[in-house]
Amino acid sequence: MKIKWNKLAIKQLLDAIAYLEENKLSVYGKKIERQIFSKIMSVSKTEHVAGPDLLKINNDGSFFILIVDRYRIAYRETSKGLRILRISVIQDSSHVKAVK
């Protein structure tokens with residue numbers, strides 16, 4: 001399955017890693033980066049790894065999310081593959097537990 005990243009998602013990932021590095025958390029940043037890529041690759045190989053994106057208005061069933069630590073990766077499945085849409089930090093830890 002082909003994986004395509006939106007420019008915004010790439011920028012958000014790079015910004016998150018840069019923020020961690022600037023705050024003396026570069027080891028953690030590298031770990032998160034590896035986990036995000038690993039989780040995305042596992043979605044491309046298997047089905048039903050992620051949950052539906054409940055924050056997406058009018059989700060037609062093709063929008064999903066992955067949770068890696070405190071990061072929320074939103075993506076869309078299409079007949080052509082996966083489209084990584086955005087990466088955001090989860091502020092509320094109760095949401096992380098509910099989605100995992």
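The heavy-atom pair separating A9 from W5 by the smallest distance is CB-CE3, 3.9 Å.
Taking R76 as the reference, D60 meet the salt bridge (Lys or Arg N to Asp or Glu O under 4.0 Å) condition, with sequence neighbours excluded. For K11, the salt bridge (Lys or Arg N to Asp or Glu O under 4.0 Å) test picks out D15, with sequence neighbours left out. Judged as a side-chain contact (heavy atoms from CB on, under 4.5 Å), and not counting sequence neighbours, the contacts of L20 are L25, Y28, Y71.
Taken from CG in N59 to CG in D53, the straight-line distance is 6.0 Å, to the nearest 0.5 Å. With rounding to the nearest 0.5 Å, the separation of CD1 in I32 from NZ in K30 is 14.0 Å. Here L82 contributes atom CG and S62 contributes atom OG; the two are 11.0 Å apart, rounded to the nearest 0.5 Å. Separating the CD atom in Q35 from the CD1 atom in I67 is a distance of 12.5 Å, to the nearest 0.5 Å. Atom CD1 in I87 sits 8.5 Å away from atom CD1 in I17 (nearest 0.5 Å).
No single ILVMFWY cluster, assembled from side-chain heavy atoms under 4.5 Å apart, contains both I73 and L8.
Side-chain contact, R83 with N6: a donor N or O sits under 3.5 Å from an acceptor N or O.
Looking at F63 and L85, their side chains come closer than 4.5 Å, going by heavy atoms from C-beta outward. The shortest side-chain heavy-atom distance between L13 and F37 falls under the 4.5 Å cut-off. A heavy-atom distance below 4.5 Å is found between the side chains of R72 and L55. Side-chain atoms of Y75 and I65, non-hydrogen and from C-beta on, never get closer than 4.5 Å to each other.
Under a 4.0 Å N-O distance rule, the pair K39/D69 does not qualify as a salt bridge.
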